[in-house]
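Excluded from the calculations below are hydrogen atoms, water molecules and symmetry mates; all remaining heavy atoms, backbone and side chain alike, are included.
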Amino acid sequence: MPQDARLERLLDFLRRSPTPWHATANMAERLEAAGFRRLEETEAWQLSPGERVYVTRNDSSIIALQLPSEPLDALRMIGAHTDSPGLRLKPHAPQTAAGWLQLGVEVYGGALLAPWFDRDLGLAGRVHVRHADGRLEGVLLNVDRPLAIVPSLAIHLDREANNGRAMNAQTEMPPVFLQGGEHADLDRLLRGWLAEQHGLEGVEVVDFELALYDVQPPSRVGVEGELIASARLDNLLSCFIGLEALLESDGRQGAVLVANDHEEVGSASACGAQGPFLGDVLRRVNAALGEAGEEGFIRLVQASRMISCDNAHALHPNFRDKHDAAHGPAINGGPVIKVNANQRYATNSATSALFRDLCRQAEVPVQTFVTRADMGCGSTIGPITATELGVPTLDVGVPQWAMHSIRETSGARDVEYLTRVLTTFIERESL
């Protein structure tokens, strides 16, 4: 069935994307296979109506553009983010205790720490090397086998372990890595893995950005396979669905897919949603194909719409009181419109009405999430992009459980639902 083929592509994408750099590279690979041309920000751009192009920044954020054959007067924009909470290595990571080499880590984003214990952990990220001729190069590394583990302390030694004891990220989260490794050389290990994966010999490791991740592969769960269980569903699921919709669309309308890094830590970076990446790209596109000048750019932005896609909190059967009784989205119940009166989500009645109409047109059920009035609310790239660019925006997402855990759960049918809606959005003639 077509849906099963899509889910297999999803599982493969999740498995091969342990970091934002890998996710961006995998999205670029699919775009190029579909005929998209890579642009470089440091070069002059020559763009033609009807062309399909993409550009990356920091190797961890990506923007893909489907340029219309007609005059550029509006864009259908889909936003997501490539990063997920987790454990990242400190620059001087090796440390020893009790005869074990451990890796010093810091917590990236709002990670749920308890599920990280007793997991088979691999290592992945970006490494910058210096070649013998002095040239610097950034390369991807993915050691996708169990290298490390964060062992729990036995209940016999901590009788309060099940009573809500706080975890100390500095002292309790460093994983064990190598026994008797007091004199181990992490750079030597990295060079060995780079030689295995890239054939790099005689290089010097200058710096790295590396993260630990659970090597347990993504899977279908449930008697009928109705669930998807994986790391990094927040928010690689939205990246995948946005890409699927872009590639399946008929290509007649102007469309943009932007996947920013650093959402989990506030988006304040050159490649984050609070940075200038999307605005830079759109200004260059408008200068090449649209109405000239700042007024023309503002008119383009105001005629466009942005759907920010980031997963939503599904109603948990064991914790139903954590949801407002009238706003508990069900897994496999369709995409969720996310609403917050304090603008933690960018949705308003106009953009929400557009999405509800798209769901009607695509024959897809739609749900709404509002957090309890006595609880705080997370945010997304939606309000940030709307603030930076001024584009009318709404926030939607696939419902999921265990957000920010090392392994999250969402619905298999919801992948198809949101893909259909976003494809309808891209193909829609009038916004």
Side-chain angles (χ1 to χ4, degrees), residues 31 36-41 43-57 61-80 242-243 245-247 249-260 267 270-309 346-355 357-358 380-396 421-431:
L31 289 166
F36 281 70
R37 176 170 63 92
R38 185 185 182 100
L39 300 173
E40 299 294 341
E41 288 196 276
E43 298 175 358
W45 289 2
Q46 301 296 326
L47 302 175
S48 303
E51 195 175 14
R52 296 190 294 176
V53 296
Y54 77 95
V55 60
T56 67
R57 182 175 284 189
S61 296
I62 188 168
I63 296 175
L65 300 110
Q66 179 175 281
L67 305 175
S69 55
E70 300 295 328
L72 181 65
D73 55 6
L75 291 167
R76 293 122 185 94
M77 304 187 202
I78 297 170
L243 183 59
L246 180 63
L247 296 180
S249 64
D250 58 22
R252 293 183 298 109
Q253 307 296 338
V256 176
L257 171 64
V258 53
N260 291 111
S267 294
C271 59
Q274 193 175 330
F277 186 29
L278 180 58
D280 287 350
V281 170
L282 295 183
R283 280 184 167 85
R284 296 177 76 169
V285 170
N286 184 69
L289 301 177
E291 182 180 336
E294 186 67 13
E295 180 173 339
F297 176 74
I298 293 173
R299 290 177 63 180
L300 171 64
V301 168
Q302 291 306 308
S304 302
R305 297 292 183 270
M306 160 72 83
I307 298 181
S308 165
C309 297
T347 308
N348 58 38
S349 59
T351 55
S352 176
L354 169 63
F355 191 78
D357 199 47
L358 290 168
T380 72
I381 68 166
I384 296 171
T385 302
T387 300
E388 293 295 320
L389 202 60
V391 61
T393 302
L394 81 153
D395 277 290
V396 305
V421 177
L422 295 183
T423 304
T424 302
F425 170 61
I426 293 173
E427 294 180 347
R428 188 166 171 134
E429 291 188 8
S430 62
L431 295 175

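The heavy-atom pair separating Arg305 from Phe425 by the smallest distance is O-CZ, 3.6 Å. Closest of all the heavy-atom pairs between Ala303 and Asp73 is CB-O, 3.3 Å. Shown here for Asn286 and Leu72, the closest heavy-atom pair between the two residues is CA-CD2, 4.1 Å. Considering all non-hydrogen atoms of both residues, Pro49 and Leu289 come closest at CD-CD2, 3.9 Å. Taking both residues in full, the closest heavy atoms of Leu75 and Ala255 are given as CD2-N, 4.0 Å, listed atom of the first, atom of the second, then distance. Residues Arg37 and Gln46 approach most closely at NH2-O, 2.8 Å, considering heavy atoms.
Residue-environment remark: CZ (Arg299) stays at or below the threshold of 12 foreign heavy atoms within 6.0 Å. Other residues, nucleotides and ligands contribute more than 12 heavy atoms inside 6.0 Å of the CD atom of Glu294.
Between Trp45 and Val53 the shortest side-chain heavy-atom distance does not fall below 4.5 Å. Contact of the Leu243 side chain with the Leu31 side chain is registered, since non-hydrogen atoms from C-beta on lie closer than 4.5 Å.
With values rounded to the nearest 0.5 angstrom, Gln66 atom CD is found 9.5 Å from Arg76 atom CZ. To the nearest 0.5 Å, atom CD1 of residue Ile62 and atom CG of residue Asn260 are 11.5 Å apart. Rounded to the nearest 0.5 Å, atoms CG (Leu431) and OG1 (Thr351) are 12.0 Å apart. Put simply, CG on Leu389 and CG on Leu300 are 9.0 Å apart, with the number rounded to the nearest 0.5 Å. The CD atom of Glu291 sits 11.0 Å away from atom CD1 of Ile298, with the distance rounded to the nearest 0.5 Å. With values rounded to the nearest 0.5 angstrom, Asn348 atom CG is found 9.0 Å from Thr393 atom OG1.
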Indicate every side-chain donor-acceptor pair of residues 271-282 with a distance under 3.5 Å to a residue at least two apart or in another chain.
from   : atom 1 : to    : atom 2 : distance (Å)
Asp280 : OD2    : Arg57 : NH2    : 3.0

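In summary, of the residues considered (Leu246, Leu422, Leu65), a side-chain contact (heavy atoms from CB on, under 4.5 Å) with Leu257 occurs for Leu246 alone.
Side-chain N or O atoms of Arg52 include none that pairs as donor or acceptor with a backbone N or O of Leu247 at under 3.5 Å.
At a threshold of 4.0 Å, the pair Glu70-Arg252 does not count as salt-bridged, since none of the basic side-chain nitrogens sits closer than that to a carboxylate oxygen.
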Derivation and outcome, side chain to side chain contact (heavy atoms under 4.5 Å, CB included), residues Leu354 and Leu394: CA-CA 9 Å; Leu354 169 63; Leu394 81 153; 5.5 Å; no
Asp357 vs Arg428, side chain to side chain contact (heavy atoms under 4.5 Å, CB included): CA-CA, chis, key distance, verdict: CA-CA 11 Å; Asp357 199 47; Arg428 188 166 171 134; 2.9 Å; yes
Thr347 and Asp395: CA distance, side-chain angles, deciding distance, side chain to side chain donor-acceptor pair (under 3.5 Å) verdict: CA-CA 6 Å; Thr347 308; Asp395 277 290; 4.8 Å; no
